[in-house]
Amino acid sequence: MSGSAVRVRFAPSPTGSLHIGSARTALFNWLYARKTGGTMVLRIEDTDAERSTAESYEAIIEALQWLGLDWDEGPIKGGAYGPYVQSARSVLYHNEVERLLASGQAYHCFCTPDELEEVRKEALAAGKPIKYDGRCRLLPAEEVAARVSKKIPHVVRFRVPPGSTRFRDIVRGELEFANEELDDFVIRKSDDRPTYNFAVVVDDVKMKISHVIRGDDHLPNTPKQVLMYRAMGYALPKFAHLSMILGSDRTRLSKRHGATSIQEYRRLGYTPDGLVNYLAMLGWSADDKTEFFTRSALIEKFSLKRVTKNPAAFDVEKLDHINSMHFVRLPPLEKVSLVYDRLVSEHIVPPDFGVDEWSECRAVQEPADAGKLSDESFRAEAPRLGVIINVMGQRLRNVAEAATRLAYFYKDDYPRNRDAYVKHLSGPEVPDRLDAVAEALATIETFKRTEIESAVRALAGRLGVSAGDLIHPCRVALTGDEVSPDLFAVIHLLGRRKSVERLRKAA
RNA sequence: GUCCCCAUCGUCUAGCCUGGACUAGGACACCGCCCUUUCACGGCGGCAACAUGGGUUCGAAUCCCGUUGGGGACGCCA
């Protein structure tokens with residue numbers, strides 16, 4: 001095995017859903033692995049017995065899968081350096097703690113949480129650094145042995161040496177921390193589990209992680225970890241600390257800024273590619289212009305060297321924009337399927353949507369591979385929906401819009417824009433015109449888009465009005481709004497019966 | 001409070017390392033015009049930034065220091 005092989009890891013703790021910020025961290029790790037032909041490891045950090053839940057674990061796995069961020073080693077996949085769940089790695093941590101204890105680089109501490117809290121409060125009140133004072137450092141060996149054998153609850157602390165700790169960060173360059181700012185932190189809790197800082201180091205070593213790419217909220221942990229690598233005699237990985245993602249007001253991204261989990265964005269109708277593209281732009285750029293990236297382009301262009309240092313504010317409008325670029329480029333059948341599911345879940349399309357209720361044009365264009373789909377009602381509607389989506393074109397920017405913008409194709413209680421009614425349907429001349437159009441539609445021979453258009457334009461000529469004088473009121477009468485795709489296509493897709501019915505009703 | 005990180009249009013960013021080609025480029029949003037039966041898309045144009053003070057230098061967005069502002073970390077959470 002080559003010592004220079006790239007191995008990165010994403011190490012979430014299963015204490016909630018996959019957050020936007022964590023997803024970005026996962027993405028950058030993934031991109032780096034895919035870019036370099038390295039290995040992506042997924043490790044579950046569940047050393048907090050209290051807060052870790054199976055639901056969170058499931059949610060995170062599912063969100064990663066949905067985003068298309070796959071891993072080469074980890075839960076489900078397995079791998080040579082497992083197990084990949086920290087709660088199953090106790091013996092590894094235990095051995096390393098014993099080694100540190102034996103070499104005197106760690107020691108037992110019997111201070112109770114209450115005592116420590118006391119000390120912390122005092123320090124805060126006195127305006128001093130909040131840190132453990134190292135009072136158990138000097139406990140004689142016999143005393144320690146006695147207390148341990150008496151099963152007095154205790155933790156193990158790392159003995160921080162004097163001096164300072166330097167390391168290099170790929171994003172930030174050379175960094176130095178004074179060790180006196182660090183206190184003798186806990187590496188093994190009284191329940192015998194390792195703490196995060198310790199488990200991370202042991203796992204990253206044992207899993208041969210070459211690059212630690214994580215959020216910069218971990219920066220203050222890094223000197224502690226560096227110290228432990230050295231104390232245990234292991235080589236350092238390379239570090240890359242990513243800036244945080246902030247809310248629109250530049251404070252920590254939280255619920256009050258809107259959706260914060262990947263799951264929520266999924267429900268809102270964003271596509272994985274759109275979300276991934278946007279997330280990649282938060283803290284990274286390929287050059288001064290490009291910002292639309294397919295997944296493979298992202299992999300091809302990605303580089304840790306071009307990661308920015310300053311924190312980025314999450315901007316939903318930009319997300320919408322990037323997402324829409326991906327949405328409009330979706331393969332037709334995929335888009336149809338996505339929109340269809342949305343329409344059903346929003347109750348726009350009833351599950352048993354009528355066989356010949358609306359469509360004289362249902363069979364106009366059979367998507368080539370619609371036959372592959374097994375859902376019968378989908379197969380029945382896919383051709384017409386495909387045409388609808390086609391005429392909607394770029395007007396349909398995401399799945400979420402489908403429910404409101406396509407409703408009038410499927411049911412009669414679609415949204416109505418009051419202003420549009422007032423503007424286009426309130427004139428005294430309107431009823432006659434609508435009736436005339438209805439009559440024309442009822443009598444033309446072939447109900448095709450082009451025929452419909454010439455019939456309406458001819459009618460306008462006979463009435464001595466402009467085509468627009470007929471088109472605008474018809475659009476409102478048929479769709480409930482003054483905004484829609486090409487009116488003649490809409491009429492065609494609505495079908496003769498519905499079109500005539502709505503025009504007469506509005507007249 | 002202590003320590004750390006960061007600082008270019010409202011927002012995401014390019015440029016910074018390796019000072020000069022920067023009257024600071026692109027994108028989102030916003031505004032105007034064009035296209036068009038409406039809207040969207042598209043095209044064209046506009047608005048809009050080097051936080052601040054001091055150095056270094058012939059020359060600073062770019063290098064150094066201070067200030068200010070923002071963020072993070074200070075747990076037997078991760």
Side-chain angles (χ1 to χ4, degrees), chain A residues 11-15 45-48 50-52 109 111-113 116-117 120 123-132 153-157 169 172-173 175-178 180-183 185-193 195-197 199-200 215-223 241 243-244 246 248 250-252 278 281-292 305-306 308-322 324 328 392-397 405 420 424 453 456-457 460 466-472 474-476 479 481-488:
Chain A
S13 64
T15 53
E45 311 214 320
D46 60 345
T47 53
D48 184 347
E50 302 278 296
R51 298 195 302 150
S52 298
C109 167
C111 297
T112 64
L116 296 171
E117 190 50 40
R120 242 173 250 136
L124 198 59
K128 290 191 186 137
I130 303 164
K131 45 180 273 197
Y132 176 66
H154 62 274
V155 299
V156 174
R157 287 181 184 271
D169 184 275
R172 278 153 229 278
L175 261 16
E176 180 170 8
F177 291 78
E180 63 175 355
E181 298 297 335
L182 277 27
D183 54 2
F185 51 91
V186 174
I187 59 176
R188 185 165 74 197
K189 310 177 202 174
S190 55
D191 66 0
D192 230 39
R193 288 167 183 265
T195 57
Y196 161 77
N197 270 124
V200 161
D216 92 2
D217 46 336
H218 287 287
L219 208 46
N221 284 324
T222 311
H241 286 93
S243 301
M244 317 228 66
L246 308 175
S248 46
R250 304 205 67 83
T251 62
R252 199 189 189 102
Y278 176 67
M281 300 317 289
L282 250 30
W284 174 83
S285 67
D287 53 44
D288 58 341
K289 312 216 141 76
T290 324
E291 57 181 15
F292 173 82
K305 296 209 175 68
R306 289 193 61 85
T308 32
K309 290 190 277 215
N310 42 331
F314 190 86
D315 179 12
V316 191
E317 285 182 336
K318 187 111 184 191
L319 199 214
D320 285 342
H321 176 252
I322 290 187
S324 72
V328 300
M392 286 298 291
Q394 310 244 346
R395 264 167 281 251
L396 195 61
R397 291 162 55 90
R405 311 200 64 163
H424 297 286
E453 175 162 10
V456 173
R457 288 192 187 279
S466 74
D469 290 336
L470 297 181
I471 289 169
H472 295 296
C474 281
R475 167 171 286 122
V476 179
T479 71
D481 203 349
E482 55 188 336
V483 173
S484 89
D486 171 59
L487 205 242
F488 308 110

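The sequence lines fix the lettering, A, B, ..., with proteins before strands; numbering per chain opens at 1.
- A 6.0 Å sphere centred on CD of A:E50 holds no more than 12 heavy atoms belonging to other residues, nucleotides or ligands.
- With sequence neighbours excluded, the residues that form a side chain to side chain contact (heavy atoms under 4.5 Å, CB included) with A:E117 are A:R120, A:K121.
- Taking the ring centroids of A:Y132 and A:F185, they lie at or beyond the 6.0 Å cut-off.
- When the P atom is compared between B:A24 and B:U52, the two are found 16 Å apart, to the nearest whole Å.
- Nearest nucleotide to the A:N310 side chain, out of B:U38, B:G25, B:U8: B:U8.
- As rounded to the nearest Å, B:C5 and B:G25 have P atoms that lie 32 Å from one another.
- Using a 4.0 Å heavy-atom criterion, one finds that A:A467 contacts no nucleic acid atom at all.
- Nucleic acid contact for A:E482: base, since at least one base atom lies under 4.0 Å from a heavy atom of the residue.
- Taking only side-chain nitrogens and oxygens, A:T47 comes nearer than 4.0 Å to OP1 or OP2 of B:A78.
- Between A:R193 and A:D191, at least one side-chain nitrogen of the basic residue sits less than 4.0 Å from a carboxylate oxygen of the acidic one, meeting the salt-bridge criterion.
- Remark: the A:R172 side chain and the A:S243 side chain contain an N/O donor-acceptor pair separated by less than 3.5 Å.
- Inspection of the A:S484 and A:R475 side chains reveals an N or O donor paired with an N or O acceptor under 3.5 Å.
- If A:L487 and A:Q394 are placed on RNA chain B by their nearest nucleotide, the residue sitting closer to the 5' end is A:L487.
- Taking 4.0 angstrom as the limit, A:R397 places none of its side-chain polar atoms (N or O) nearer than this to OP1 or OP2 of B:C39.
- Counting non-hydrogen atoms under 4.0 angstrom, A:F177 reaches the backbone sugars and phosphates but no base.
- Here, B:C44 and B:U8 have their P atoms 29 Å apart, quoted to the whole Å.
- For the P atom pair drawn from B:C47 and B:C3, the interatomic distance equals 46 Å after rounding to whole Å.
- The C1' atoms of B:A29 and B:G69 are separated by 25 Å, rounded to the nearest whole Å.
- Ranking B:A14, B:U38, B:A78 by closeness to the A:V483 side chain, first place goes to B:U38.
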Protein-nucleotides 72-76 of chain B N/O pairs under 3.5 Å:
residue: B:G72; atom: OP1; partner: A:R252; partner atom: NH1; Å: 3.4
residue: B:C74; atom: O2'; partner: A:I130; partner atom: O; Å: 2.9
residue: B:G75; atom: OP2; partner: A:R120; partner atom: NE; Å: 3.4
residue: B:C76; atom: OP1; partner: A:R120; partner atom: NH2; Å: 3.2
residue: B:C76; atom: O2; partner: A:S190; partner atom: N; Å: 2.8
residue: B:C76; atom: O2; partner: A:S190; partner atom: OG; Å: 2.6
residue: B:C76; atom: N3; partner: A:S190; partner atom: OG; Å: 3.1
residue: B:C76; atom: N4; partner: A:C111; partner atom: O; Å: 3.2

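- Using atom C1' as the reference point in both B:G20 and B:C63, the two lie 14 Å apart (nearest Å).
- Nucleotides B:U57 and B:G19 have their P atoms positioned 15 Å apart, rounded to a whole Å.
- Base pairing analysis places B:C22 opposite nothing; no Watson-Crick or G-U wobble pair with both distances below 3.5 Å involves it.
- Rounded to whole Å, the separation between the P atoms of B:C22 and B:A61 comes to 13 Å.
- Pairing for B:A40 is absent, with no Watson-Crick or G-U wobble pair whose two atom distances lie under 3.5 Å.
- For A:R395 and B:C41, a side-chain-to-base donor-acceptor distance below 3.5 Å is absent, hydrogens and geometry of angles not being considered.
- Checking the phosphate oxygens (OP1, OP2) of B:U38, no side-chain nitrogen or oxygen of A:S484 falls inside 4.0 Å.
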